[in-house]
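This report refers to the structure that appears directly beneath it.
Everything numeric in this text was worked out from a predicted model, so none of it was measured.
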Amino acid sequence: MASTSRPRGHALTNFIAVIAATGGLLFGYDTGIISAALLQLTPQFQLTTESAEIVTSAVILGALIGCISAAPLSDRLGRRRTIIAAATLFLIGTVIVTFAHTVSVLTFARLILGLAIGASSQIVPIYIAEIAPPERRGSLVVAFQFAIAFGQLISFITGYLLQDYSWRLMFGLGVIPAVILFVGMLFLPNSPRWLAMQGEFERAREVLRSVRKTDAEADRELQDIQDQHDEKAPLSEVFKPWVRPATIAAVGIALLCQLTGINAVMYYAPTIFADAGFGQSSALLTSVAVGVSMVGTVAFGGWAVDAWGRRTLMLRMIPGAVVSLVLLGFMFFTGQTHGWGAFVTAAAVVGYVVFNVGSLSVAIWLVGAEVFPLSCRGTGMSLVAASHWGADLIISLTTLSMVKALGAGGTFWLFAAVNALSFFFVLRYVPETRGRSLEQLEASLRDGTFAPVAHAKAQVSTR
């Protein structure tokens, strides 16, 4: 059998990851642009705190529905076609939101965009993970999170540059990456693991041979996939005892990614800083600094997940988020956000973003796409995404109200406590997945050594 080295496979895998991750760019842009747009939407539509939260949260509700709906579609139609459907929704939602003239239409358009975002968050990481080789899976899947961060940065820069122009242009620019995603996916292959689950082993072999260095490597990987004998499993499978450790780890990270407060800062940073005494322009510039920090941190995380490991990265970075939030809460609680205090406050925000995004946000889509067996990977990732968006919906609906009730200082201290809890969760329940094939991870679930605490017990019992 031919085993000729094929450097083109490396480049093709990169290209697939970049095009698919454009869904993350749309994810980041459409969730981030609302923070700047709200400064114009609020006076134009006479939005109250509650109606501003509803407009903001419509995209989250849509994402919750979208990620749940994407699971059966991705298993039935394939990963590639589901991403194309999401790109179509991005285009439709962008056009409607750009020409909205009432709050109800604006909210409806944001709901459609949410459907696309939710579907993308469920399927794009799976698609990349099922095509990427084990040694590069971490950095390639994190490309999705990098695209999210880059999309949010673009939205912050756009919001700052267009602060004196129409919010319609802010939303309308989202059509560009939507077209790139739609057209690009038309030319990409389907997931080889999805093809194998459908019994199309020869087509799966063709895809693997196109994205692996040698034919022999591709054939060995296909044999490992076949040896698992995976068939589509019902939703109940993710709650069975043997899969439950993966569900706990992946869903736990998804919930904590939001409950630690990162999107509260992303959505409402300009509003919070404007209320604290920053001018509108200064508040928007602070958001740009936050976006730059996110992009740099996720780029670092893309290297660290394969160099350090997913679990190690989180355990090293989360404590920094706790310290940053404690300092941030102190600055707001004592009212020292003016003058020199403004710089300390902004530095604390950037520090929190670096350490939180560099840990939980980098890991969420990667770990979720890795840990579930093939038979319930689509369903499991849907549960991960639903948990993420459900928690995000709660946070986005309550952040401004929480700031009113507890003050910005109390709110940031509450998020600091949740960040501290997340450290201990990762320590106990999240395994290291670096360098392990998806089939090896499934084997550890079957033999009961998946979770760190279970693995430690197994080692003790064999001594």
Please evaluate residues I83 and V124 with respect to the criterion side chain to side chain contact (heavy atoms under 4.5 Å, CB included), reporting the C-alpha separation (whole Å), side-chain torsions for both, the decisive distance (0.1 Å), and the verdict.
CA-CA 7 Å; I83 297 173; V124 172; 4.0 Å; yes
Quick one: do S191 and I126 satisfy side chain to side chain contact (heavy atoms under 4.5 Å, CB included)? Show the steps, please.
CA-CA 9 Å; S191 157; I126 290 179; over 6 Å; no
Walk me through it: do S74 and Q122 pass the test side chain to side chain contact (heavy atoms under 4.5 Å, CB included)?
CA-CA 9 Å; S74 66; Q122 188 272 344; 3.7 Å; yes
For the pair W194 and L374, evaluate side chain to side chain contact (heavy atoms under 4.5 Å, CB included) and give the outcome as yes or no after the intermediate values.
CA-CA 8 Å; W194 179 82; L374 177 59; over 6 Å; no
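Salt bridge R310/E370: present, at least one basic N to carboxylate O contact under 4.0 Å.
Distance OG/S359 to CE/M314: 8.0 Å, rounded to 0.5 Å. Distance check: L162 CG to L169 CG gives 5.0 Å after rounding to the nearest 0.5 Å. We find the CG-CZ distance between L328 and F333 to be 14.0 Å, quoted to the nearest 0.5 Å. Interatomic distance, CE of M185 versus OG1 of T82, reported as 9.0 Å (0.5 Å rounding). Atom CD1 of I19 sits about 11.0 Å away from atom CD1 of I128, to the nearest 0.5 Å. With rounding to the nearest 0.5 angstrom, the OH atom of Y127 is 11.0 Å from the CZ atom of R79.
Looking at heavy atoms from C-beta onward, S51 lies out of side-chain contact with V103 at the 4.5 angstrom threshold. In this structure, the side chains of P452 and L427 stay at 4.5 Å or more apart for every pair of heavy atoms. By the 4.5 Å heavy-atom criterion applied to side chains, Y429 and P245 are not counted as neighbours. In this structure, the side chains of V371 and F450 come closer than 4.5 Å at one or more pairs of heavy atoms. Between P125 and M381, the closest side-chain pair of non-hydrogen atoms falls below 4.5 Å. Proximity of V298 to F150: side-chain heavy atoms (C-beta onward) are nowhere separated by under 4.5 Å. Between L255 and H388 there is no side-chain heavy-atom pair separated by less than 4.5 Å.
At distances below 3.5 Å, not a single donor-acceptor pair connects side-chain atoms of R436 with backbone N or O atoms of L441. A donor-acceptor contact shorter than 3.5 Å is absent between the side chain of R110 and the backbone of V59. One N or O on the side chain of T102 and one on the backbone of V105 form a donor-acceptor pair closer than 3.5 Å. Distance alone, capped at 3.5 Å, places no donor-acceptor pair between the T379 side chain and the C376 backbone. With hydrogens and angles disregarded, no donor-acceptor distance shorter than 3.5 Å links the side chain of N419 to the backbone of V322. The backbone N or O of V238 lies less than 3.5 Å from a partner atom in the side chain of T247, making a donor-acceptor pair. Counting only distance, with no hydrogens or angles, the side chain of R377 and the backbone of F372 share a donor-acceptor pair below 3.5 Å. In this structure a side-chain-to-backbone donor-acceptor pair under 3.5 Å is missing from T22 to L25. No donor-acceptor pair under 3.5 Å is formed between the side chain of R137 and the backbone N or O of A129. In this structure, S69 contributes its side chain and G66 its backbone to no donor-acceptor pair below 3.5 Å.
The number of heavy-atom neighbours closer than 6.0 Å to CZ of F45, taken from other residues, nucleotides and ligands shown, is above 12. Residue-environment remark: CZ (R81) stays at or below the threshold of 12 foreign heavy atoms within 6.0 Å. Heavy-atom neighbours of Q44 CD from other residues, nucleotides or ligands within 6.0 Å: above the threshold of 12. For CZ of F423, the number of neighbouring non-hydrogen atoms (other residues, nucleotides, ligands) closer than 6.0 Å is greater than 12.
Side-chain N/O atoms of Q258 and W389 include no donor and acceptor closer than 3.5 Å. Between the side chains of W242 and E237, a donor-acceptor pair is found at a separation under 3.5 Å.
Applying the side chain to side chain donor-acceptor pair (under 3.5 Å) rule to T88 yields no partners; only residues at least two apart in sequence or on another chain are considered.
Ring orientation note: the planes of F300 and W303 are tilted relative to one another, at an angle of 30° to 60°. Below 30°, between 30° and 60°, or above 60°: for W365 and F27 the angle between ring planes is above 60°, a perpendicular geometry.
Both tests hold for R316 against W308: distance to the six-membered ring centre under 6.0 Å, angle to the ring axis within 45°.
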